[in-house]
There are 2 protein chains.
Amino acid sequence: MKKQTSAPRLSIAEENYLKAIYKLTEHSERPAATTAIAEQMQTAAASVTDMLKRLADKGLIHYERYKGVSLSDEGLRLATHLVRKHRLWEVFLVDKLGFGWDKVHDIAEQLEHIRSPELVERLDEFLGRPRFDPHGDPIPDAEGQFAERQQILLCKLTEGQQGVIVGVAEHAPSFLQFLDKLSLVLGTCLEVVERFDFDDSMKVRLPDGREVLLSSKVTHNLFVQKQPV
Amino acid sequence: MKKQTSAPRLSIAEENYLKAIYKLTEHSERPAATTAIAEQMQTAAASVTDMLKRLADKGLIHYERYKGVSLSDEGLRLATHLVRKHRLWEVFLVDKLGFGWDKVHDIAEQLEHIRSPELVERLDEFLGRPRFDPHGDPIPDAEGQFAERQQILLCKLTEGQQGVIVGVAEHAPSFLQFLDKLSLVLGTCLEVVERFDFDDSMKVRLPDGREVLLSSKVTHNLFVQKQPV
DNA sequence: AACTATTTTTTGGCTTGCCTAAAAAATAGT
DNA sequence: ACTATTTTTTAGGCAAGCCAAAAAATAGTT
């Protein structure tokens with residue numbers, strides 16, 4: 001487990017593992033389990049162990065056998081940069097090329113591996129230095145800093161309160177397409193008409209006057225900014 | 001050497017070999033030699049032989065031991081599509097992101113491997129369906145058809161004739177930077193003031209009235225459209 | 001504490017893509 | 001027609017990533 005001194009240019013596979021570990025540890029203090037990484041990467045646990053050793057040798061993760069892994073400072077920096085590239089490309093695909101927000105993930109997954117610092121900076125500039133991607137996720141800046149924003153899940157709103165949709169917690173294309181059908185796109189304002197706490201569903205009023213019933217699944221996966229009424 | 005029936009998604013390495021073979025056979029009837037491919041790919045000849053067998057198995061090249069290779073119809077189709085993607089991305093990098101024409105090759109070399117038919121079509125549309133890239137090379141359309149254009153090498157112009165620069169035969173960054181210094185960019189009109197046939201150099205007049213002496217190397221690597229005087 | 005179920009790692013093996021060294025085939029010169 | 005040279009292929013190996021199956025460690029239960 002020798003420390004790597006110079007930056008050794010990661011393979012695409014290594015980058016993907018870093019991103020998987022990032023996702024798994026992003027919202028928790030506990031290290032990521034081998035099985036969880038295998039699940040995330042759709043690969044066998046044995047392959048994960050292989051790769052963890054390599055990433056540990058390169059100093060990108062903290063790894064102790066049987067204890068799971070977390071990102072080192074350098075690993076976090078690289079993972080954050082990948083997130084930055086991924087989200088910037090998503091903005092490009094949606095804003096400039098006119099892709100639907102349900103179609104961009106796989107393409108951005110490829111584009112995020114393009115290596116060129118100057119490209120990323122020029123793209124950022126070209127896009128107008130966006131701070132959020134088409135799904136409402138924050139885009140880290142060149143220093144890895146994420147924008148902060150007041151947002152809560154729709155299910156936290158009480159009857160009579162209004163909110164503006166600013167993000168989605170679930171990125172599954174089928175979910176996004178469902179939202180498209182209901183015109184529940186980013187920027188849409190809605191008011192909670194009635195809450196049904198027994199199943200966490202709620203009826204909301206849309207700008208066009210329509211009232212729609214949203215399931216628990218929906219209310220738990222839409223981020224809104226509370227609006228003063 | 002079993003024929004491959006379904007399209008098997010090429011690896012990046014395979015794509016790069018196809019492109020190398022394409023470049024080597026583009027302007028000649030003769031098949032590409034193993035050594036030439038090795039030179040082009042900066043790799044060992046033995047590695048090339050390995051790969052040629054694989055590409056032949058997949059039906060992408062015509063390969064007979066010791067005889068060199070040429071692209072099959074399918075191989076040519078794939079190689080042409082790679083060229084299309086490469087040149088479209090170069091247009092994007094120069095026209096939209098403001099890169100210099102001497103800086104885009106390596107980045108486009110990465111971007112050309114992004115797999116998404118819809119992306120290519122949308123990019124083409126976004127760029128205004130350009131028919132030539134920043135170096136003046138034609139961009140094949142979705143059917144693989146190249147645009148035709150009347151163009152000759154600058155060295156073919158006679159004294160007194162005028163031409164507009166429409167392309168470069170040499171893509172080396174140092175050459176492109178040299179052209180930048182002299183303002184010999186695409187679209188520049190020039191008139192041959194004097195030819196020195198003993199070394200193929202010539203003196204030309206630029207739109208701003210400047211007269212510059214161009215070496216054989218330059219006159220043999222600039223494509224111009226002859227202008228009526 | 002002992003047993004069991006689960007998780008993780010190890011082991012051995014596969015493919016891709018690269019290498020060097022050596023053999024074989026083609027080409028060129030006499 | 002024979003030899004020398006060049007080109008190409010074969011043979012054998014190596015590293016990256018992947019897998020399934022066996023072994024080891026951990027955690028949960030009694």
Side-chain angles (χ1 to χ4, degrees), chain A residues 1-2 4 6-21 24-25 28 30-70 75 78 82 109-110 113 115, chain B residues 1-2 4 6-21 24-25 28 30-70 75 78 82 109-110 113 115:
Chain A
M1 209 194 274
K2 56 214 144 179
Q4 203 75 14
S6 67
R9 283 235 308 180
L10 300 193
S11 71
I12 290 180
E14 289 168 328
E15 290 191 340
N16 284 335
Y17 274 95
L18 278 191
K19 246 189 78 173
I21 297 166
L24 291 167
T25 53
S28 117
R30 302 202 321 270
T34 301
T35 320
I37 299 171
E39 164 72 15
Q40 177 79 35
M41 299 281 298
Q42 288 290 287
T43 189
S47 313
V48 176
T49 303
D50 266 8
M51 181 58 90
L52 294 186
K53 286 183 208 154
R54 246 170 292 152
L55 292 177
D57 281 354
K58 296 190 175 186
L60 302 173
I61 58 174
H62 301 300
Y63 175 46
E64 217 178 328
R65 275 160 67 250
Y66 295 101
K67 298 295 172 87
V69 291
S70 56
L78 291 172
L82 283 168
E109 200 86 330
Q110 298 179 61
H113 297 294
R115 260 173 260 277
Chain B
M1 211 193 274
K2 57 214 139 181
Q4 204 75 13
S6 67
R9 283 232 319 187
L10 300 192
S11 70
I12 290 179
E14 289 168 329
E15 290 191 341
N16 285 335
Y17 274 95
L18 279 190
K19 245 189 79 173
I21 297 166
L24 292 168
T25 54
S28 119
R30 301 201 321 271
T34 301
T35 319
I37 299 171
E39 164 72 17
Q40 177 80 35
M41 299 281 298
Q42 288 291 290
T43 189
S47 312
V48 175
T49 302
D50 266 8
M51 180 59 90
L52 293 186
K53 286 184 205 154
R54 246 171 289 155
L55 292 176
D57 282 353
K58 297 192 176 185
L60 302 173
I61 58 174
H62 301 299
Y63 174 47
E64 217 178 329
R65 275 157 68 252
Y66 296 101
K67 299 293 175 79
V69 291
S70 57
L78 291 172
L82 283 169
E109 200 86 331
Q110 298 179 61
H113 297 295
R115 262 174 259 277

Practice task
Please assess B:Leu60 against B:Leu10 for the test side chain to side chain contact (heavy atoms under 4.5 Å, CB included), listing each intermediate value before the final yes or no.
Solution key: CA-CA 10 Å; B:Leu60 302 173; B:Leu10 300 192; 3.6 Å; yes
Exercise for the section: Report the distance from atom CG of A:Leu55 to atom C1' of C:dT9, rounded to the nearest whole Å. Expected result: 16 Å
Exercise for the section: Of all the heavy-atom pairs spanning B:Ile61 and B:Leu52, show the shortest one and how long it is. Expected result: CD1-O, 3.4 Å
Problem - B:Glu39 atom CD, neighbour heavy-atom count above 12 within 6.0 Å - result: no
Practice task
Identify the residue among A:Lys19, A:Arg54, A:Lys58, A:Arg9 that makes a side chain to side chain donor-acceptor pair (under 3.5 Å) with A:Glu14.
Solution key: A:Lys58
Problem - Nucleotide C:dT9, atom C1' - distance to CD1 of A:Ile37 in whole Å - result: 14 Å
Handout entry: Spacing of B:Gln42 atom CD relative to C:dC19 atom C1', expressed in whole Å
Key = 15 Å
Exercise for the section: Return no unless some side-chain N or O of B:Ser47 is found under 4.0 Å from OP1 or OP2 of C:dG17. Expected result: no
Practice task
Under the side chain to side chain contact (heavy atoms under 4.5 Å, CB included) rule, what do B:Arg65 and B:Thr49 come out as? Steps first, then yes or no, please.
Solution key: CA-CA 9 Å; B:Arg65 275 157 68 252; B:Thr49 302; over 6 Å; no
Problem - A:Met41 vs A:Val48 side-chain heavy atoms within contact, under 4.5 Å - result: no
Practice task
Respond yes when some side-chain nitrogen or oxygen of B:Tyr17 is under 4.0 Å from OP1 or OP2 of C:dT16, and no when none is.
Solution key: no
Problem - Atom-to-atom span, CZ of B:Arg30 to C1' of C:dA26 - whole angstrom - result: 16 Å
Fill in the blank from the handout: In whole angstroms, the gap separating P of C:dT16 from CG of B:Leu10 amounts to 13 Å
Practice task
Would you check, one step at a time, whether the test side chain to side chain contact (heavy atoms under 4.5 Å, CB included) holds for A:Ile37 with A:Thr43?
Solution key: CA-CA 8 Å; A:Ile37 299 171; A:Thr43 189; over 6 Å; no
Fill in the blank from the handout: Its contact letters, B for base, S for sugar-phosphate only and - for none at protein heavy atoms under 4.0 Å, make nucleotides 1-16 of chain D read ------SBBB-----S
Practice task
Treat a base pair as Watson-Crick or G-U wobble with both distances under 3.5 Å, then lay out DNA chain C in dot-bracket form, 5' to 3', with | for cross-strand pairs.
Solution key: ||||||||||||||||||||||||||||||
Exercise for the section: Kindly give the heavy-atom pair with the smallest separation between A:Ser70 and A:Pro31, and that separation in Å. Expected result: N-CB, 4.4 Å
